[in-house]
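Shown next, in structure tokens, is the structure this report addresses.
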Amino acid sequence: MNAQHKLYSICTLVLLLFTFSAQAQNLQLTGLLSDQKDHSPLIGATVMLAPQADTTKKVYILTDVEGRFTFASLSNQTYILSVSYLGYEPFKQTVFVTSPKQDLGNLQINPKTTQLNEVQIRAKRYEERTVQKGDTTEYNAGAFKTNRDASAEDLVTKMPGVSMENGAVKAQGEDVKKVLVDGKEFFGDDATLALRNLPAEVIDKIQVFDRMSEQSQFTGFDDGQSVKTINIVTKADKRNGKFGKIYAGYGTDDRYQAGGNLNIFKGSNRISILGLSNNINQQNFATQDLVGAFSSGGNQRGGGGNRGGGGGQGGGGNNASNNFLVGQQSGISTTNSLGLNYSGNWGKKVTINGSYFFNKANTQNQTLLNREYFIDADSSQYYTTNTFSGNTNWNHRFNLRIEYKIDSANSIVFTPRLSFQTNNSISNTLGRTQLSDGNLLNDITNTYNSDRKGYTIGNEILYRHRFTKQGRTFSFGINTGWNKNDGNNRLYSLAHYYTDEIATQETTDQVSISNTDGYTLSGNVVYTEPVSRKSQLQFNYNSSFTQSNALKETYDYDENTDSHSNLNPSLSNTFDNQNYVNRASVGYRINDKKLNMMANVGFQKADLIGNQLFPITNKINRSFYNALPSLMLNYKFTTSRNIRIFYRTSTNLPSITQLQNVINNNNPLLLTGGNSNLRQEFVHSFMARYSAAQPTKGRTLLAMISLTRTNNNIGNSTFIATKDSVLTQDITLKKGAQLSTPVNLNGSWSARSLFTYGLPVGFLKSNLNLTSSVTYNNTPALINTAINTSNSYTLSQGLTLSSNISEKIDFTLGYTGNYNIVRNTLQPQLNNNYFYHLANGKLNWTFGKGFVLQNNVSYTQYFGLEGGYNQSYVLWNASFAKKFLKDQNGELKLSVFDLLNQNNNISRNVTETYIEDSQTQVLKQYFMLTFTYTLRSFGKK
């Protein structure tokens, strides 16, 4: 017994020592930074912590929107803590970490008092244009000079690695999905809207990073669902006050614009109001604002592909939904919109971010299109159209995020979303199809009307719990969503088909009802468990159910009753669809000072159940079993150099529209249909990104490569009739007409590389950004049962020189050249190379007593397009303004759009089934006189 007792005592002592050692290596240090005078939080302050025994092992973090900071995974020893923040005295403190959750309380930092010190610290920061802090690239706004009226968009596009492309902001080669202001969301997911309505003069720092999902931010376990995000840190003395502007202008051809924005900041509470009304193509809405805007019927632009070409101002991009991600429609729009945004803290436990956006847009457009289809190895088919279209769209969009901190260990995040849309559209199309020898196959006059309305409702409830043991967490989320889209359509077409010089005429007069609705319910459970001081396990289970219902009824015109009363079963369909997805995964994470690595493997079962109820009964019941591995690695060579590598796998089930086996004859020459035999896609994605900064030299470098491969890719199968072909009892595909359906194909993959380098040019007092990229797409398709593989290459080189002389002289010079190579396996003789380049210059010069001269000139040139599409044009916009009133807050400006009257919008679109050149309607020359009043009223910090 005595020996057993001794052995038990030794084991107990060893266990206690092991437990104490483990706890001593997993301690936490927190604190709060605030202004010593007004006690306001210091947002985005840099906090450094280093062991006193080895001060080379430094760790940097930034304070959050409440001025808080947290260091985790500390050991039982003495540390040196220091704080640096623009406009404040340096702060340093010795801290002995002993408890598992040690709180330093409120650390009050002294503001700088002498003007001399302020100048010294600003001079030091101006040298540091860019700092790389782990995964975050931070730009010092003060090192990039802009004019007094510049917006946040003008500021960020001067920064290395940030650009505006077709109206969308990009950072480090990726689309920016969110813009935060002092860590809080600003106008939901509309990044462009946020940047255009925040003045540059209130900005202290710009931070670019990959924002993790809500659950990942809580657990610290990166699930790979990050989005590119810009966080705008405002200046301390600009966080209390009112600022904004109002404007109104009128010009020739009855052109007008009016609008403004008002921002009310009071500490952590911010209200922003903006509105606009104009008929000069300032559209200002995002993709989710539209329902049915792409079903103009007469000119369906199928497929995806390489987008070649740009477009003049006021012209927008093309009107296909897959190219509508920039939120700009072709043609000329009259727009009225209103936006509201609120963010604030309600007490110490509740944080609220919300936005409301209303938009009404009326758009008129004309499109000239020339498309060449690949039929077989010896022949092509040419399809040309001239389409006049118009649509009116209303949208209401509401987003809200509420976070409730129950206590230090528990919190709930509630995120509801709601949008309503209504769209009325009409299009008139004149089209014809010819063979390579010039023989006419068919022509058509087509009129299509569509009235659609719909709504989407969604919300997420996320509960999060943090256990006493550091790194052990539990979270549970529920997502729900409802959607409904109802439409009434009218089609009238008159087509002529030519065979052996004999013409036959076919008239189509139909109305149709098209309704879709559905709901989604999903739940997600995540549990994390620390394995050691530097590693962690995560267990995840997700289950989701989606129900979709689709109904289409088409009625032919009946002369006897003078009404559309004859149901056409070949163009009608009722289809229900259910998706069940269950996925369990386990992941392992290592987080060291230099290495952050996550490996995860999931096992998923997806069930696809479909029921066709009309015109015939048909059932689909398929199950898919997949292993889904993923890997994330982030290695920090130094505090300013790191490499980030991702590998992900995912699956995509076909949509109910793709499964619904019904023919759409909105354009009788270009029929489309569904395919009930579709299987799910399996996607492999790889990306590696290296970034580095030299703060003292103001240089930045970014190199990125990405690869994507899709198995069972849902592509296109196009049947081009070489003779009249019977599809159903009531539908015959005439010679020269087409039927496109979705089909699973292998061999789809793409690759992209990007290199950007930014550096200051001392003798010009400017910033130079160089950008090079190479993009490759390999896309298969079926054309008359033969496989055509489209290989497209795009080589792009760009440079931008932005002035950093002073606030009074602001210029930007840019050039982008794109060389495109297209190769097809079905018709190698149609292999094509084309080139387009864009040179632009912008000057904003303030001189004398409030005089402002602005010029914006761009030159676009195309080579290698068809016939009249090889064009070059200069778009020159200019204005002259006088500032007056107190503090020069008033401005009267005379401006001219398209001074040389050369504006144009041409583009090339390359898909796996055709090559297309198009030209759309653009805004032409006008003069306008505009008055603007700027509000600037700031209180103390």
Side-chain angles (χ1 to χ4, degrees), residues 44 46 58-62 127-141 143-144 155-165 169-180 191 205-212 222 224 226-233 591-598 631-648 685-707 751-760 767-775 796-800 802:
T46 303
K58 299 177 182 179
V59 179
Y60 293 89
I61 62 173
L62 302 176
E127 294 175 359
E128 298 185 353
R129 301 192 323 158
T130 310
V131 180
Q132 189 70 34
K133 297 181 177 179
D135 301 334
T136 301
T137 303
E138 181 178 288
Y139 302 94
N140 172 27
F144 300 88
L155 174 65
V156 299
T157 51
K158 284 179 172 286
M159 297 173 174
V162 183
S163 63
M164 291 293 296
E165 297 181 20
V169 61
K170 286 181 175 288
Q172 299 171 347
E174 301 177 52
D175 289 329
V176 174
K177 300 297 185 181
K178 283 187 179 293
V179 170
L180 310 178
K205 288 180 287 189
I206 296 290
Q207 298 166 346
V208 179
F209 62 99
D210 293 309
R211 191 191 195 202
M212 295 189 295
D222 193 341
S226 58
V227 296
K228 188 63 66 180
T229 302
I230 287 179
N231 180 42
I232 298 173
V233 181
N591 187 15
D592 200 359
K593 289 181 174 62
K594 288 192 172 184
L595 175 65
N596 184 1
M597 186 188 74
M598 184 273 294
L631 175 70
M632 187 278 293
L633 185 146
N634 186 21
Y635 184 77
K636 305 175 185 176
F637 299 97
T638 65
T639 56
S640 60
R641 292 192 299 120
N642 77 89
I643 186 170
R644 191 175 178 93
I645 298 174
F646 283 105
Y647 169 69
R648 302 188 184 108
S685 302
F686 171 83
M687 186 191 74
R689 185 176 71 228
Y690 173 80
S691 57
Q694 293 179 292
T696 57
K697 296 182 179 180
R699 297 178 180 176
T700 60
L701 182 145
L702 171 74
M704 185 267 288
I705 184 171
S706 64
L707 301 169
R752 184 182 184 222
S753 64
L754 175 73
F755 177 86
T756 67
Y757 182 63
L759 72 160
N767 306 305
L768 178 64
N769 295 329
L770 301 172
T771 303
S772 302
S773 69
V774 179
T775 303
S796 178
Q797 178 62 56
L799 62 89
T800 303
S802 301

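Nothing here was measured: the structure is a model prediction, and the numbers come from that model.
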Ring-plane angle category for Tyr635 and Phe637, please: parallel below 30°, perpendicular beyond 60°, tilted otherwise. perpendicular
Nearest atoms (heavy-atom pairs only) where Leu770 meets Leu799: CD2-CB, 3.6 Å
Hey, could you give me the OG1/CG distance between Thr137 and Leu702, rounded to the nearest 0.5 Å? 8.0 Å
Do Ser773 and Gln797 have side chains that get closer than 4.5 Å, going by heavy atoms? no
Are Met632 and Asn596 close enough, and set up right, to give a side chain to side chain contact (heavy atoms under 4.5 Å, CB included), and what steps lead you there? CA-CA 8 Å; Met632 187 278 293; Asn596 184 1; 4.2 Å; yes
Euclidean distance, Arg752 CZ relative to Met704 CE, rounded to 0.5 Å: 4.5 Å
Got Leu631 and Ile645 here, is their nearest side-chain heavy-atom distance under 4.5 Å? no
What I'd like to find out is whether the side chain of Leu701 reaches to under 4.5 Å of the side chain of Phe755, using heavy atoms alone. yes
To the nearest 0.5 Å, what is the distance between CE on Met159 and OG1 on Thr700? 11.0 Å
Taking the side chain as everything from C-beta on, heavy atoms only, tell me whether Arg644 gets closer than 4.5 Å to Asp210. yes
Minimum heavy-atom distance between Lys636 and Asn642, given as atom pair plus value: CA-CB, 3.9 Å
Least distance between heavy atoms, Phe209 atom then Gln207 atom: CD2-O, 4.0 Å
Evaluation steps, side chain to side chain contact (heavy atoms under 4.5 Å, CB included), between Leu633 and Leu595: CA-CA 7 Å; Leu633 185 146; Leu595 175 65; 4.0 Å; yes
Intermediate values then yes/no, side chain to side chain contact (heavy atoms under 4.5 Å, CB included), Tyr139 and Leu155: CA-CA 10 Å; Tyr139 302 94; Leu155 174 65; over 6 Å; no
If I take atom NZ from residue Lys594 and atom OG1 from residue Thr638, how far apart are they, to the nearest 0.5 angstrom? 8.0 Å
Within this structure, what is the OG1-CZ distance for the pair Thr157 and Phe144, rounded to the nearest 0.5 Å? 10.5 Å
Nearest 0.5 angstrom please: Thr46 OG1 to Lys205 NZ, how far? 5.0 Å
Would you mind reporting whether Asn769 and Thr756 have side-chain heavy atoms less than 4.5 Å apart? no
Ile206/Ile232 under side chain to side chain contact (heavy atoms under 4.5 Å, CB included): CA gap, chis, key distance, verdict: CA-CA 5 Å; Ile206 296 290; Ile232 298 173; 3.7 Å; yes
